[in-house]
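Structure first, then comments.
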Amino acid sequence: MRADEKDMLLTSKQIEVLRMKKKGMTQADIARKLKTTRGNICIIESTALKNIEKARNTLKFYRAMEAPVWITVAPGTDLYDVPPMIFKEADRKKIKIAHDSAMIVVKLKTEAQDRIQHRMTVGEIDIAVDEQGNVNVC
């Protein structure tokens with residue numbers, strides 16, 4: 001294990017498996033090389049990918065927390081009412097939004113699809129706007 005690997009969310013085995021996958025090896029190839037089962041390699045790889053996704057989500061949330069504009073959209077809000085809410089808060093902070101209303105709606109539908117049904121929000125959606133006017137859905 002390299003020195004920079006000791007402070008990661010991945011185990012040395014997960015790193016080893018991901019490196020082999022990156023080289024184009026199949027799970028069966030990796031299992032043979034590490035003298036284990038393909039099922040075990042599948043579990044190691046799956047857990048590693050979940051840890052990576054959790055790390056990405058944590059970083060995204062942390063960056064959003066530092067944003068000058070933070071809005072929580074309540075359940076039951078019409079999706080088309082959200083962009084004006086964002087623009088209003090950004091204007092108060094003198095931030096020019098980098099997206100138009102249509103792009104914001106698309107971003108919401110894409111990144112918060114589990115909290116939207118048709119045109120209505122069915123769960124809370126946190127939205128952050130950074131200093132450059134980038135809208136981030138949390």
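Just so it is clear, the model here is predicted, and its values are computed rather than measured. Residues: numbered from 1 along the sequence shown.
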*salt bridge (Lys or Arg N to Asp or Glu O under 4.0 Å) between Asp29 and Arg32, worked out*: CA-CA 5 Å; Asp29 295 335; Arg32 277 191 293 280; 2.7 Å; yes
*State whether the side chain of Thr47 and the backbone N or O of Ile44 hold a donor-acceptor pair below 3.5 Å, judged by distance alone.*
no
*Heavy-atom count around Gln117 CD within 6.0 Å, excluding the residue itself: above 12?*
no
*asked:* Does Met20 form a side chain to side chain contact (heavy atoms under 4.5 Å, CB included) with Glu16? I'd like the steps, not just the answer.
replied: CA-CA 6 Å; Met20 288 185 212; Glu16 186 177 13; 3.4 Å; yes
*Is there a salt bridge (Lys or Arg N to Asp or Glu O under 4.0 Å) between Glu53 and Arg56 once you walk through the steps?*
CA-CA 5 Å; Glu53 188 60 27; Arg56 280 189 184 123; 3.7 Å; yes
*With hydrophobic residues grouped by side-chain heavy-atom distances under 4.5 Å, do Ile104 and Ile71 end up in a single group?*
yes
*Just do the side chain to side chain contact (heavy atoms under 4.5 Å, CB included) check on Tyr80 and Val105 with the steps written out, would you?*
CA-CA 7 Å; Tyr80 293 97; Val105 169; 4.0 Å; yes
*For the atom pair CG (Asn134) and CD (Glu131), what is the distance rounded to the nearest 0.5 Å?*
9.5 Å
*Taking the side chain as C-beta and beyond, is there a heavy-atom pair between Asn51 and Gln14 under 4.5 Å?*
yes
*Decide side chain to side chain contact (heavy atoms under 4.5 Å, CB included) for Met120 and Asp78; before the verdict, give the C-alpha distance in whole Å, the side-chain angles of both, and the deciding distance to 0.1 Å.*
CA-CA 5 Å; Met120 303 300 285; Asp78 188 305; 4.1 Å; yes
*Which heavy-atom pair separates Gln27 from Cys42 by the least distance, and what is that distance?*
NE2-CA, 3.5 Å
_CD-SG distance between Glu124 and Cys138, expressed to the nearest 0.5 angstrom_ = 12.0 Å
*Between Arg115 and Val137, what is the shortest heavy-atom contact and its length?*
NH2-CG1, 4.5 Å
_Flag, side chain of Asp130 to backbone of Gly133, donor-acceptor distance under 3.5 Å_ = yes
*Would Ile97 end up clustered with Met103 when hydrophobic side chains under 4.5 Å apart are linked, directly or stepwise?*
no
*Could you walk me through whether Val129 and Glu89 pass side chain to side chain contact (heavy atoms under 4.5 Å, CB included), step by step?*
CA-CA 9 Å; Val129 179; Glu89 286 302 311; over 6 Å; no
*Just wondering, do Leu34 and Val17 contact through their side chains at under 4.5 Å, heavy atoms?*
yes
*Taking side chain as C-beta onward, heavy atoms only, is Ile125 less than 4.5 Å from Thr72?*
no
*Side-chain contact test, heavy atoms from C-beta onward, threshold under 4.5 Å: evaluate it for Met8 versus Ile15 and give yes or no.*
yes
*Under 4.5 Å between side-chain heavy atoms, hopping through other hydrophobics if needed: is there a path connecting Ile41 to Ile43?*
no
*For the hydrophobic clusters of this structure (ILVMFWY residues joined by side-chain heavy atoms under 4.5 Å, transitively), does one cluster hold both Leu10 and Ile30?*
no
*With respect to Val73, which candidate in Asp81, Ile116, Leu108, Thr121 satisfies the side chain to side chain contact (heavy atoms under 4.5 Å, CB included) definition?*
Thr121
*Flag the pair Trp70 / Asp126 as yes when at least one side-chain heavy-atom distance between them is below 4.5 Å, and no otherwise.*
yes
_Any side-chain heavy-atom pair of Lys109 and Leu79 under 4.5 Å_ = yes
*Output the distance between atom CG (Leu18) and atom NZ (Lys13), rounded to the nearest 0.5 Å.*
12.5 Å
